[in-house]
Amino acid sequence: MSVRGALYAVAVQGDHAACATTDGVQFDGAVADLVRFVEQTETSVAEARWVWWAAAPAATPLVRAGLHLRRSWDLTEAHRLLVGGFEVGIDEIWAVAAGLDLAGRPAPSTGDLFDLRADDDAVVGAGGYLNPSCLQPDWQQAHLPDLARMAVVTADRQGALLSRRAHGMSTATSESGAALLCVELTVHGLPIDRPVLEQLITETAGPRPRDAADADRIRAARDQLVLRHVPGRGATDLRNPAHVRDLLHSLGVRVDDTRAWHLEPYRDLHPVVGALLDWRKAERIATTYGWSWLDRFIGADDRLRGTWTACDGGAGRMTAGAGLHSLPTPLRPAVAAEPGHVLVRADLGQVEPRVLAAVSADPDFAAATAQDDLYATVAQQLQLERPAAKIAVLAAMYGQTSGPAADALQRMERTYPRALRYLRTAAERGEQGQPVMTYGGRLVRSRPAADPAARRAIGRFTRNAVVQGAAAELFKAWALTVRDAVRPWGGRIVLCLHDELLVHAPAAHAGRTAQAVDDALQAAARRWTGGGPVRFVADIKVVQRWSEAKE
DNA sequence: GATTTCACGTA
DNA sequence: CGTACGTGAAATCC
């Protein structure tokens, strides 16, 4: 089966661009003119699907120009479904789609004057491989129409391979859409209330330093809040874990490392412990989320911008730079809707166990998803208290085998044999060095492991990857449905956080937008589960600031 | 100069 | 001996 729609492949390098279909090259010219060509095609060809080797270089100029593209096919994302992994060149994508042996790929030209292959300019060379020079920007710029034509061919070949895999095609279009959404997130950014953020940073990290000497003074003052508790050891470098450990040892705090959760029990032993733990929080904001972070990542339009990727190499979640996925809670009041707008904050409830119920097709576990609080039902079925039931479910998904979960896990085995078998199989495959496949048909490779402990660690990784990865696939399907559903009301997704969505929308359409986000979940879940019995729930609230309505 | 270790933020 | 990611500072490797 081929990829649905009319395929238009776009290749961009610098200021130049080309577009091709199966009928041949349709456009070859400047990026500024490509924007008009794409806009015209998007409106006149209802079934247009945009194909690119990677979303970022091709789609960024289109998104910057304000275009909204409905359908895409991302060769890099589709390739990742086929073979797993992360970093790939277009030569590898081409070879895998063509069914060629990767080992036979010609080596890239060394640029050596005596390398005669540099004279061979054919796009597809001996053995059907792409010219190894295809990874070089200047070669790409000279061959953009060819790259676009090759992209159309590759998309069709990938479609033929993925259509043999359960859910392969829908996951490929979803992951492609996620990659385009990532370009939009990168371009548009997250709205920030700059005065509030500056206030919050000032409270923890101190005022904006005037110069380097001022920065040193503020830093020393912060250190002094800790060091004043240990007279005579004022030379201790708080940023050096070994120094801190020695200091703590001298006070009778016996810890191997100085991580916060090891130190927390000693908070009352000596005032320096609490001061150190408070210092760490302030230091984190000062270094990672301080003034230089603000200057680097928040634009003149008060938008926080990081680089987004649609699918990490491991479990398959979206990732984001500029600290977007680890913004400390104290700073979240600064994430705020623009005037006349609201934020619709939606997060999935207990998504991983619900996903496990769906992907393992365990009927009794699926029945538990009917309730808003899945763990309450599981507790009844296991005849345990709710906290113990929750620990048991999480232990099963994360591969914890020791501690208080052991008895509860046996009950899980008896009550939900199908779900537990699904997890055990994934763990065993990882331990044996084999890849696992997610519900959506994405291959996750297991890393090689030498000793038994490392093999078990890989087993925990693959056990978790089939759940976390499938949850990521459902999340992306939801996010893309939301992207389309909120658009008529002027809404736009501004943040994706694994199981949480933030939509920025005009205040006048707040209610409609919130309803659209909920409807989108039901529609996406129905499609994703194939109409199965598993229920998904979301907590959805209309707020001005991200920090509101957060339990 | 690049890589590893420690630490910690988020889910 | 619960999973993943990104970031920064210091130590370590080459």
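Within every chain, numbering begins at 1; the chains are lettered A, B, ... in the order of the sequence lines, protein sequences first and strands thereafter.
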May I ask you to test the Ser547(A)-Thr329(A) pair for a side-chain heavy-atom distance under 4.5 Å? no

Are Arg483(A) and Leu180(A) side-chain neighbours, meaning at least one heavy-atom pair lies under 4.5 Å?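 Counting from C-beta outward, Arg483(A) and Leu180(A) do come under 4.5 Å.
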
It should be established whether [X] places a side-chain nitrogen or oxygen under 4.0 Å from OP1 or OP2 of nucleotide [N].
X         : N       : result
Arg284(A) : dC8(B)  : no
Lys281(A) : dG9(B)  : yes
Asn240(A) : dA11(C) : yes
Arg317(A) : dA4(C)  : no
Thr319(A) : dA4(C)  : no
Thr258(A) : dC6(B)  : no

At 4.0 Å (heavy atoms only), tell me whether [X] reaches a base, stays on the sugar-phosphate, or touches nothing.
X         : result
Leu324(A) : nothing
Arg239(A) : sugar-phosphate
Ala322(A) : sugar-phosphate
Asp347(A) : nothing
Ala320(A) : sugar-phosphate
Arg245(A) : nothing
Arg456(A) : sugar-phosphate
Ala465(A) : nothing

Taking atom [atom2] of [N] as reference, at what distance in whole Å does atom [atom1] of [X] sit?
X         : N       : atom1 : atom2 : answer
Arg463(A) : dA4(C)  : CZ    : P     : 13 Å
Trp546(A) : dA11(B) : CH2   : C1'   : 10 Å
Leu294(A) : dT7(C)  : CG    : P     : 16 Å
Phe461(A) : dT3(C)  : CZ    : C1'   : 9 Å
Asp257(A) : dC1(C)  : CG    : C1'   : 14 Å
Phe475(A) : dT10(B) : CZ    : C1'   : 13 Å
Leu502(A) : dT10(B) : CG    : C1'   : 14 Å
Ile391(A) : dT3(C)  : CD1   : P     : 16 Å

Just by distance, no angles: are the side chains of Glu203(A) and Gln199(A) close enough, under 3.5 Å, to form a donor-acceptor pair?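 Side chains of Glu203(A) and Gln199(A): pair found under 3.5 Å.
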
Could you please name the option among [options] that lies closest to any side-chain atom of [X]?
X         : options                 : value
Tyr398(A) : dA9(C), dG2(C), dA4(C)  : dG2(C)
Asp499(A) : dG9(B), dA11(B), dG2(C) : dA11(B)
Pro241(A) : dT3(C), dA11(B), dC6(B) : dC6(B)
Leu497(A) : dA4(C), dA7(B), dA11(B) : dA11(B)
Thr288(A) : dG8(C), dA4(C), dG9(B)  : dG8(C)
Asp312(A) : dC5(C), dG2(C), dG9(B)  : dC5(C)

Going through the distances and angles, do Gln434(A) and Ser446(A) end up as a side-chain hydrogen bond (donor to acceptor under 3.5 Å, both in side chains)? CA-CA 6 Å; Gln434(A) 295 173 301; Ser446(A) 61; over 6 Å; no

Any ion pair linking Glu338(A) and Arg303(A) (charged N to carboxylate O, less than 4.0 Å)? yes

Using a strict cut-off of less than 4.0 Å between a Lys/Arg side-chain nitrogen and an Asp/Glu carboxylate oxygen, indicate whether Asp256(A) and Arg245(A) qualify as a salt bridge.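 Judged by the 4.0 Å cut-off on N to carboxylate O distance, Asp256(A) and Arg245(A) do not form a salt bridge.
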
Within 6.0 Å of CZ in Arg210(A), more than 12 heavy atoms from elsewhere: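 Atom CZ in Arg210(A) is not packed in, count stays at 12 or less.
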
hbond_proxy Arg280(A) side chain to dA7(B) base (donor-acceptor, 3.5 Å cutoff): no

If each of Asp237(A) and Asn464(A) is mapped to the nucleotide of DNA chain C with the nearest heavy atom, which maps nearer the 5' terminus, i.e. the 5' end? Asn464(A)

